[in-house]
A.B. asks: 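One structure follows; several queries about it will come next.
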Amino acid sequence: MTMTDPTTAAHSSVAVPRVAFPPGFSWGAATAAYQIEGAAAEDGRTPSIWDVFAKTPGKVLNGDTGDVAVDHYHRFREDVRLMADLGLTSYRFSLSWPRIQPTGRGPAVERGLDFYRALVDTLLEHGISPVATLYHWDLPQDLEEAGGWPIRETAYRFAEYAALAAGALGDRVPVWTTLNEPWCSAFLGYGSGVHAPGRTNPADALKAAHHLNLGHGLAVGALREVLPASAKIAVSLNLHLVRPLTDTPEDREAARRIEAVGNRVWTGPMFKGGYDEDLKADTAHLVDWDELVRPGDEAEIGRPIDLLGLNYYNPTVVSAPRDNAETAEAARNDGHGDSEFSCWPGSEDVVFHLANDDVTAMGWPIDASGLVDSLVGMHRDFGLPLLVTENGAAFEDVVGPDGEVDDPERVRYVELHLQAVADAIAAGADVRGYYLWSLLDNFEWAYGYSKRFGIVHVDYDTQQRTPKTSARWYAEVIRRGGLA
């Protein structure tokens, strides 16, 4: 069985595209385990923090859970055939930690690993290169009850889990991502409480951020010991493209603060040698950084990686506090859910504004220029090959009388953002692939099943899959090797 690296995999074109992408560009789609797998209590899997959170009254819209989700656990072969029909050259998925290591400690459960072995083998049989994400937010509940990400021990448990997963799948998976959007894990999970585990303590959020960073670094070390030398290691960050509302010193200061706790809390220790002093000063009243960050931590976090993933949906526009009721209400208009608690520790009074009124069903503004700016800036600042590991949009999709799902808004959205990727490449950014979010309609976290991001429609009652107009359009882009 051959193994293809999605950063070098070739594809063929059927027509000369107007906007061509580089040879070997990876055309993919992405999913996450809790959002699609279901089978929540099968084959030894135990509850994750999202299982518990979703079953807590009032936490998830309509009381929805991922118990069944879109039943990918039993339907993965059908789903891989869909991917093959679309011409995907790569597929980014996440591993369920409690399916592999139910308590977050001890040996792996082979039945859980068998599912991923079968999934990876099926992908490779269809010529689709797998990209495995170790952590997409589903911490085993046992570890949360022991303290969760705010305690240091969780980082070491994560590295052990990484070694177990890589030991089982490393001969077949060429690209490994440690964390997906650790900002959400730390600041939505432990700060604003809109994500699992639903805690609302700003100090815990900052501690969780450091231990997620440490877990990333420890996992990189563990992966290097187990994986073949040809394997590539990445992390996927939802770096905020922060813009001040005006060019006043006050608004520029607001942007600096959000950029520090939104971005540099990760990129500083991962790529620049340590946490920036301004971030520590902004949050010194919440945590003692000298006590939190132990000698050697920043060197551990900064272990070299091979690829850097960006998850991009919209830019972040901010201003200094405004003294009126309208602005006070807008202070939580950051696109990250409703909570009386802030997900911006140390900068709770910064005000957020929509970049424009052209929004998706999530209320997120559509502005592809932020993707260009992000990719070019990341190339300049970090010098790593880049992947767009998530980009997509939710819209109010409707099944027509003919059973088809026409979604021209999503086609427009993806076309704008693929053009942005092409513009970033033309500006010198080394972008190796694009992973559309998402392959399937699925459980959208605290929004339950009310928001549809998929290019494949799922009837949640029957589990019938129906490719939308956007799926067929994306398939043509892939076959063409670019935009028409």
A.B. asks: Are R199 and E144 within salt-bridge range, i.e. N to O under 4.0 Å?
C.D. replies: yes
A.B. asks: Which pairs, with at least one residue in residues 363-372 and sequence neighbours excluded, count as a side-chain hydrogen bond (donor to acceptor under 3.5 Å, both in side chains)?
C.D. replies: R243-D367, R243-S369, D367-S369
A.B. asks: For the side chain of D51 and the backbone of S48, is there at least one donor-acceptor N/O pair under 3.5 Å apart?
C.D. replies: yes
A.B. asks: Tell me, with the steps shown, if R172 and R117 meet side-chain contact (heavy atoms from CB on, under 4.5 Å).
C.D. replies: CA-CA 9 Å; R172 286 163 284 185; R117 291 184 179 109; 3.8 Å; yes
A.B. asks: We want to know whether D334 and W344 form a side-chain donor-acceptor pair, criterion being a heavy-atom distance below 3.5 angstrom.
C.D. replies: yes
A.B. asks: Got a sec, which residues hit salt bridge (Lys or Arg N to Asp or Glu O under 4.0 Å) with D459, two or more places apart in sequence or on another chain?
C.D. replies: none
A.B. asks: Would you call R99 and E42 a salt bridge, using N to O less than 4.0 angstrom?
C.D. replies: no
A.B. asks: May I ask you to decide whether R252 forms a salt bridge with D247, counting only side-chain N to carboxylate O separations under 4.0 Å?
C.D. replies: yes
A.B. asks: Is there a donor-acceptor pair closer than 3.5 Å between any side-chain N or O of N263 and the backbone N or O of H240?
C.D. replies: yes
A.B. asks: Are the side chain of S450 and the backbone N or O of Y447 linked by a donor-acceptor pair below 3.5 Å?
C.D. replies: yes
A.B. asks: Under 4.0 Å between a Lys/Arg side-chain N and an Asp/Glu carboxylate O for K59 and D64?
C.D. replies: no
A.B. asks: Which residues pass the salt bridge (Lys or Arg N to Asp or Glu O under 4.0 Å) test with E259, sequence neighbours left out?
C.D. replies: R264
A.B. asks: Return yes if some donor-acceptor pair links the side-chain N/O of D43 with the main-chain N/O of G112 below 3.5 Å, else return no.
C.D. replies: no
A.B. asks: So, T133 side chain and Y135 main chain: donor-acceptor pair closer than 3.5 Å or not?
C.D. replies: no
A.B. asks: Are any of the side-chain nitrogens in D441 or R452 under 4.0 Å away from the carboxylate oxygens of its partner?
C.D. replies: yes
A.B. asks: Counting N and O atoms only, with roles assigned by atom type, does the side chain of S236 sit under 3.5 Å from a partner on the main chain of T389, one being a donor and the other an acceptor?
C.D. replies: no
A.B. asks: Looking only at heavy atoms, which two atoms of L124 and P130 are closest? And how far apart?
C.D. replies: CD2-CD, 3.7 Å
A.B. asks: Quick check on ring-ring contact (aromatic ring centres under 6.0 Å, His included): which of W445, F53, W149 does W137 satisfy it with?
C.D. replies: W445
A.B. asks: Can D406 and K468 be counted as an ion pair, charged N to O under 4.0 angstrom?
C.D. replies: no
A.B. asks: Is it the case that atom CG in D357 sees more than 12 heavy atoms from other parts of the structure closer than 6.0 Å?
C.D. replies: no
A.B. asks: Restricting to non-hydrogen atoms, name the atom on F187 and the atom on P345 that form the minimum distance, rounded to 0.1 Å.
C.D. replies: CE2-CG, 3.4 Å
A.B. asks: Counting N and O atoms only, with roles assigned by atom type, does the side chain of E37 sit under 3.5 Å from a partner on the main chain of Y73, one being a donor and the other an acceptor?
C.D. replies: no
A.B. asks: Could you pull out all residues at least two apart from D79 that satisfy side chain to side chain donor-acceptor pair (under 3.5 Å)?
C.D. replies: H72, R465
A.B. asks: Tell me whether the centres of the aromatic rings in F271 and W266 are closer together than 6.0 Å.
C.D. replies: no
A.B. asks: Is a donor on one side and an acceptor on the other found under 3.5 Å between the side chain of T177 and the backbone of L179?
C.D. replies: no
A.B. asks: Does any donor atom in the side chain of Q463 or D71 lie under 3.5 Å from an acceptor atom in the other side chain?
C.D. replies: no
A.B. asks: For R81, give me all partners under salt bridge (Lys or Arg N to Asp or Glu O under 4.0 Å), at least two apart in sequence or on another chain.
C.D. replies: none
A.B. asks: Pairing donors with acceptors under 3.5 angstrom, does anything connect the side chains of Y435 and S90?
C.D. replies: yes
A.B. asks: Only counting residues at least two apart or in another chain, list the ones meeting side chain to side chain donor-acceptor pair (under 3.5 Å) with T246.
C.D. replies: T248, D251
A.B. asks: Would you please test Y34 and T65 for side-chain contact (heavy atoms from CB on, under 4.5 Å) and show each step?
C.D. replies: CA-CA 9 Å; Y34 187 72; T65 76; 4.2 Å; yes
A.B. asks: Between N391 and Y312 (side chain of the first, backbone of the second, donor and acceptor by atom type, cut-off under 3.5 Å), is there such a pair?
C.D. replies: yes
A.B. asks: Which residue, D397, T360, V405, forms the side chain to side chain contact (heavy atoms under 4.5 Å, CB included) with R410?
C.D. replies: D397
A.B. asks: Between T469 and P408, is there a donor-acceptor pair closer than 3.5 Å when you use the side chain of the first and the backbone of the second?
C.D. replies: no
